[in-house]
Amino acid sequence: MRVLSEMPLLGARSQHPQPGSLPAPGSNIVEQEEQSAAPPDLQDSEGTTPRPRSSPAAQPSANRNAQRMNGHTPSMAQNASNGAAAARPLMLRAKSDFGPRREDPADSADEDLGSSADGDFKIRHGWESQLTSEEYNNILTSTFFMYYTDKKHETGGNPKDEDEAYPLQEWRMRDRLKTVSAVLALCLNIGVDPPDVIKTNPCAKEECWIDPSNSAGASGHTPMNQIGKALQTQYEQLSMRTRYKLCLDPTVDETRRYCTTLRRNARNERVLFHYNGHGVPKPTSSGEIWVFNRNYTQYIPISLYDLQSWIGAPSLFVYDCSDAGLIISNFNKFAEKHESENIEARRRDPHVEVMDFSDCIHLAACREKETLPTNPELPADVFTSCLTDPIIMAVRFFILQNPLPSTISTHDASNIPGRVSERRTPIGELNWIFTAITDTIAWNSLSKPLFKKLFRQDLMVAALFRNFLLAQRIMRVYHCHPVCHPEIPQTHDHPLWRSWDLAVEMILAQLPDLYAAERGEKQYEYKHSEFFSEQLTAFEVYLGQGAVEQRIPEQLPIVLQVLLSQVHRLRALILLSKFLDLGPWAVNLALSIGIFPYVLKLLQSQAIELKPVMVFIWARILAVDQSCQADLLKDNGYQYFISILNPSSGIPILNASEHRAMCAFIVAMFCKDYHQGQVVSLSPELIESCLDHLRDLQNPLLRQWSCLCLSKLWVNFPDAKWVGIRCLAHQRLCELVLDPVAEVRAAMLYALTTFLGIPDVTAQVAHIEESIASMVLIMTTDGNSMVRKELLVFFSTFIVRYKSRFVVAAFEQLAEESSLRDDLSSKIAERNGDGLYMKMKTSGINNSESSSSCSQNTVFAAMWKEMLIMSVDPHPEIARDAGTVVDYVLIALLDSPLAKFTHPQLEEISKHSRQPRPSRVTHDVQPDSQASLPPTPSKPDGYLSMFGIRRTASVAASLKSLSLFGGHDPSPSPTKSLARSRIPSEFHRPPDEKDQPQTPPASYNPADEPKPRGFKPRGLGQEPKLPLKSKFYEWSVEYFREPQMKPSEADEPGSTDYNGRLWRRNRNDKIIADTQPQKDLAGSNRWDKPKGFFNNASQPMKMCFHQFEDHLVVTDNRDTVCVWDWEHQTRLNRFSNGNPQDSKITEVRLINEDDQALLMTGSSDGVIKLFRNYESKKNVELVTSFRALTDLVPSNKNAGLVFDWQQGRGLILVAGDVKVIRVWNAGTEICTSDIPARSGSCITSLTSDQVEGDVFIAGFGDGAVRVYDQREKPATAMVKVWKEHKQWITNVHLQRGGQRELVSGCRSGEVKLWDIRMDRSVKTIRATKDTLRSLSVHEHAPVFATGSERHMVKIFNLTTGAHLSSFEPYSSFLHQNRSSPIATTAFHPHRMMVAGAALHDTHINIFTCQDGQVVKQWEPLAQ
């Protein structure tokens, strides 16, 4: 059931009525000449009938809310004469004038009927109060519910296929590496310039911020040593755990020795080789780098091939020298040579260890043929400074680039207060911002695999590449272009660098004050940067836009950095949770950016304000990736959620129940397929917490997941089941059999299924499991297919566990069937009372015969019979799966010692089932062969066909008679009471009882039967495997993968669905506004203007117009539904309802007509089905189907099943050839009450008050009309009975609008108007002298139509009884049959349009009301 959200109405203008249009509550509504006295409830204190009064204050709102019933809503469209157009308020749906409307006194002065003397509009039954009461107005302006449109109906409880689901991306670093060793080779040769370098004067001199020319000292404190130590210190800021080896002005041998030693110690980890070549020549053309000879008299080249051999792989190279790009290109060439040698080595010895040099990473200061900058304002090793000391370098760069005069010098860049490791100090905050910005730039610029490799695999690599982005920006200004391998795009112009400049500027602006505060000259407190707060705001803006087309948010890495700070942590977590709510793609993004370690560590926090958001985030993560179970176990993180799940724990949020449901989900996912998780989670407290939450009536999600949490705790874990037994968990779960939410009922069955199976089947265990089975048997009548599927899984698990007992039960059922088969057909055909086809109770004789059976009165026999019934379930998935279970048991029976007794019985039943069914009524035309029948819900031959046993509806069905006619007790009664044994009077039989079908069955063309979405028929020849596998848990998990914080896409303004609904709304409103004035003409003009004529190709028996679409739904005398576009006279679709043999469609309705309607059909076998996209041949689907009346047998005669749909309350009132009116709730999909009909006759028609929905009226086969009130107890619900009709009630109808007239007609031709406050009819109209075949009443115009035995449809004025016009449905020129009775008639709910069809004719005729002017123009000629 979904809610139609509020939308502003556009388009059709509406006009308000004038004040004074409504009578006050209690006004006289019955014409004086037609009543002898006012009923007691209409009399005032003096016993006189009060004068009608108006209540102007209440009228505008009341009239605005005049209800359009049948799912129709309050009307804004009023008579054009009523005042000026007013501005349209915000409303929930289109409004109509099914309620009263103020007539202009001048226009209605001559209409003395339907109005009292002062011109007030009248409402029957005293229902004016519905239109004037505040409570009624609130009901009408409340949210409008759409039924059977939830996810469970869209999917049928089946999870998405793998190709539809969002794939889980690998986010964990399986190949995480560490840079464990580093060679820092500095070839500076201080004081001697290389021959190929000509230095400017002045030029850059500083190496690691040390000027070699100014540094002189004792041995050990030489400039070279100081520079080397400084470089090591700077590297240690990046990675403390790396072992550094300084190579100061190294020789070839030293280089080789250091490299090979470090590679040997590093094993398979990464080694860093930092090369500073400022004191040696540029690399050679082949990429060789220079070092020194032992005496420092020569430069010696080192081949890259040798360097590769010494340092191995994986490695990280940093080249700070001119022409550095040349080294990378040549390195890769030598790497290819190494690779070819490796291939050759592997060919000789497959087990030889080789190194993969393609995994080496290079950072070079410049491209080929570029020289390092010599600007004296920069250090000589500007590239190294960018990589190892980025903050000072970046601040110096900002100062140098700042065009504005400032007191800040480059010297101040090295003196920013604080420590880098402390984020609340200026330098620490600056470093934090820098890390966030460079991470974010990389995230937005690099491909995700490359980002993962460079920024998440190795801390040293990540730090150097973050700083490399700064080098790209700075060195570009000085005509150098750093390069790297793997190559990354240029990021120097990314917009976030401006945010960085702002952050630097804000801190530099505070430096003078900070220095003064340090000197004690003034008090000054550092003002923290607003960078993170502003970025969170930007992220919030992104989320507010709804993440259109899954656009990746730029700020995600910044959110990750913010989690490190307590100041913004809560806000960041809340925004992160909103982002994760967008779906699995968002969760995958967050995990790939590295969010997981942070949220895992936060589980150790005891901050109570973080609990709700942490629960939400973890629910989203586990819904996408179940592999986090071990992480939760490692530091007892699971306890975080178990403690919140406890009802006594406090959680600072209003919707605590929803967060506890998420905790139950998290614990369930923690235990799923993870025995260690089950073991550590198991405790009586956890089970008690879940069981206590089953009583939380406000939150079905919590009840559902408490059940599923228990189920995952119990799977293959007997210890947990015994704890559950001690807590009486099974009994407390069984209390949910009638839970109002289908998902909870299904979850309860899922939990009970996992509860079965304690290995040691003791008497106690068997007793508990049998008691569970007996308590859930009632759920076979559940209206939700998903619940019945879960029940089937439970049954299959139970059957496997007690297989031998079910083999015996099946054998005894076959034996019982064999003994009953001889007289079954004749017994079924017997009548009960006035034509009630009902299943009879087993006689005492049969009971005594079978009293010695082993399975008699056991849960096994009862479950086996229910399995046979479910094998012919109206829902194809359930029938398919139940057939598998039945096959399994019968195969086991054929493999048992009882097989020799079973084979003859099965063969006999199979032979019997292939014979035509016996006639119930002698004049029924029976089909000559099975082939000519329309499709029945029988399933294809199954596995047993290999044994020569052909199946129809179940394995033996062969056993069809067991399930359809047997129910709990398959044998009909051989004796009947004398009082009911008489043949009913002909007047109490349906008018169409003796109709002969015109077309022979052989010419009947069967149509395709729509299936549920994703339905796959059972494979033929596959051996049935039990137990059945449930998909409910996987389906339930999808809830946490779908957005919950924002409206669905269909409710988002601007979306296709939203715009479509808005268009339909205004279309609906315009239709109502256009048709309301026409009802003035309808009661006085002729209804003989042809509108449509088309051939249905089969006998029309029931018709239903859509309120707003141009759809006419027609059902025939079998099981075919046709959908016509009456405007264009084209057939849109034709499909089969899938009725079993000998049954037909007896009722058809459209529901949810304000939006996208569903088609509801009722059949004489007691089944109700709903179809979506009913007008589309390609897209039509079965939404759901269920057996609304379980005591019916298929019948082509009598009433079958009749129902009335109440859109406002979501109720289906179902009756027919039974002694109760069953009330089904569409929201809960369970039968809420059985109201005794208080009659032995069948119910032929139902109608109800669509405003408040409490009162409904039933017509009976014996002519009685009874009124029921649902507010009363079922036993006293019948509040009135009229027995003025003496024959079969053809129809009874309560108008949804207009005057709310209650009209009934019986087969004798009498039509009566009733007021439920009166003890007798208000008016009697003699509509026809022959048999009345059909009666239709317009919903708000004062007209009704009757179809007679003599091929005539007559239209009458409802108020005066005047005959307006007649028409004879005609077929084609060659097939004129003017003696056939009328088969069906139907009015359009809004338009002045009526459709009719005759028996033995497949054509449908549509006529409309003549325009008043046209009629007047031709009147003189007619006279």
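Count residues from 1 along the sequence. Note: hydrogens, waters and symmetry copies are ignored here, and every other heavy atom, side chains too, is used.
Distance check, rounded to the nearest 0.5 Å: CD1 of Ile666 to CG of Leu632 gives 8.0 Å. Note that CE of Met662 and CD1 of Ile644 are 11.0 Å apart. Values are rounded to the nearest 0.5 Å. Distance check, rounded to the nearest 0.5 Å: CG of Leu682 to CD1 of Ile687 gives 5.5 Å. Taking SG of Cys734 as the start and CE of Met779 as the end, the distance is 9.0 Å to the nearest 0.5 Å. Atom CG of Asp739 and atom SG of Cys707 lie 8.0 Å apart (nearest 0.5 Å). One distance of note links CG of Leu868 with CE of Met863; it measures 12.5 Å at 0.5 Å rounding.
Closest approach of Val776 and Leu791 over heavy atoms only: O-CD1, 3.6 Å. The minimum heavy-atom distance linking Val723 with Pro684 is given by the pair CG1-CA, 4.0 Å. A pairwise comparison of heavy atoms in Thr1184 and Gly783 identifies OG1-O, 3.9 Å as the closest pair. Considering every non-hydrogen atom in both Lys721 and Ile758, the closest pair reads CD-CG1, 3.8 Å. Closest of all the heavy-atom pairs between Thr780 and Met870 is CG2-SD, 4.2 Å. Nearest heavy-atom pair across Ser1185 and Arg788 is O-NH2, 2.8 Å.
Under the 4.5 Å side-chain criterion, counting only non-hydrogen atoms from C-beta, Gln704 is in contact with Phe1032. Contact annotation: the side chain of Pro874 approaches that of Lys1169 to within less than 4.5 Å [non-hydrogen atoms, C-beta and beyond]. Val793 places none of its side-chain heavy atoms less than 4.5 Å from the side chain of Pro1027. Here the side chains of Lys151 and Glu1038 are in contact, with some heavy-atom distance below 4.5 Å. Here the side chains of Ser785 and Glu877 are not in contact, with every heavy-atom distance at 4.5 Å or above. Within the 4.5 Å cutoff, the side chain of Lys672 has heavy atoms near those of the Gln626 side chain. For the pair Phe795 and Leu777, the minimum side-chain heavy-atom distance is below 4.5 Å. Ser706 places none of its side-chain heavy atoms less than 4.5 Å from the side chain of Leu691.
By the 4.0 Å N-to-carboxylate-O rule, Asp881 lies too far from Lys789 to be salt-bridged with it. Of the charged side-chain nitrogens involved, at least one lies within less than 4.0 Å of a carboxylate oxygen, so that Arg805 and Glu770 count as a salt-bridged pair. For the pair Asp1234 and Arg1222, the salt-bridge criterion is met [side-chain N within less than 4.0 Å of a carboxylate O].
Here Phe806 and Tyr802 keep their ring centres 6.0 angstrom or further from each other. Residues Trp618 and Tyr640 keep their aromatic ring centres 6.0 Å or farther apart.
For the 3.5 Å distance criterion, the side chains of Ser657 and Gln698 fail to qualify, holding no donor opposite an acceptor.
Here Asn1225 pairs with Leu1211, Thr1228, Thr1232 under the side-chain contact (heavy atoms from CB on, under 4.5 Å) rule; sequence neighbours left out. When the side-chain contact (heavy atoms from CB on, under 4.5 Å) test is applied to Tyr1039, the partners found at least two apart in sequence or on another chain are Glu658, Leu701, Gln1044. Thr902 is linked by a side-chain contact (heavy atoms from CB on, under 4.5 Å) to Phe811, Leu814, Leu893, Leu894, Leu898, Leu906, counting only residues two or more places apart in sequence or in another chain. Legend: residues meeting side-chain contact (heavy atoms from CB on, under 4.5 Å) with Thr762, ordered by chain and number and at least two apart, are Asp760, Gln764, Val765.
The number of heavy atoms from other shown groups lying within 6.0 Å of CD1 (Ile778) does not exceed 12. Sparse packing is recorded around NZ of Lys1025, with 12 or fewer heavy atoms of other residues, nucleotides or ligands lying under 6.0 Å away.
Phe1186 pairs with exactly one of Val787, Asn784, Ile1168, Ile1230 by the side chain to side chain contact (heavy atoms under 4.5 Å, CB included) rule, that one being Ile1168.
No side-chain donor-acceptor contact under 3.5 Å links Glu790 to the backbone of Ser1030. Within the 3.5 Å criterion, the main-chain N or O of Cys854 finds a donor-acceptor partner in the side chain of Glu812. Side-chain N or O atoms of Glu769 include one that pairs as donor or acceptor with a backbone N or O of Gly757 at under 3.5 Å.
A cation-pi arrangement is not found for Lys152 relative to Trp1035, the charged atom failing to lie both closer than 6.0 Å to the ring centre and inside a 45° cone about the ring normal.
Between Phe860 and Phe798, the ring-plane angle classifies as parallel under the 30° and 60° cut-offs. Ring geometry for Phe755 against His730 counts as parallel: the plane angle stays under 30°, on a 0 to 90° scale with 60° as the upper cut.
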Kindly indicate, with the supporting measurements, whether the criterion side chain to side chain contact (heavy atoms under 4.5 Å, CB included) is fulfilled by Arg801 and Val761.
CA-CA 10 Å; Arg801 190 157 167 79; Val761 187; 3.3 Å; yes
Worked check of side chain to side chain contact (heavy atoms under 4.5 Å, CB included) between Leu622 and Phe1040:
CA-CA 9 Å; Leu622 280 169; Phe1040 293 103; over 6 Å; no
Check step by step if side chain to side chain contact (heavy atoms under 4.5 Å, CB included) holds for Val800 and Tyr888.
CA-CA 9 Å; Val800 170; Tyr888 175 87; 4.1 Å; yes
Step by step, work out the side chain to side chain contact (heavy atoms under 4.5 Å, CB included) result for Leu645 and Cys690.
CA-CA 8 Å; Leu645 187 55; Cys690 292; 4.1 Å; yes
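Pairs engaging residues 685-702 under the salt bridge (charged side-chain N to carboxylate O under 4.0 Å, His left out) rule: Glu688-Arg732, Asp692-Arg695, Asp692-Arg732 [sequence neighbours left out].
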Would you mind writing out the side-chain donor-acceptor pairs for residues 708-718 within the sub-3.5 Å range, not counting sequence neighbours?
residue: Ser711; atom: OG; partner: Leu708; partner atom: O; Å: 2.5
residue: Lys712; atom: NZ; partner: Tyr750; partner atom: OH; Å: 3.0
residue: Trp714; atom: NE1; partner: Ala720; partner atom: O; Å: 3.1

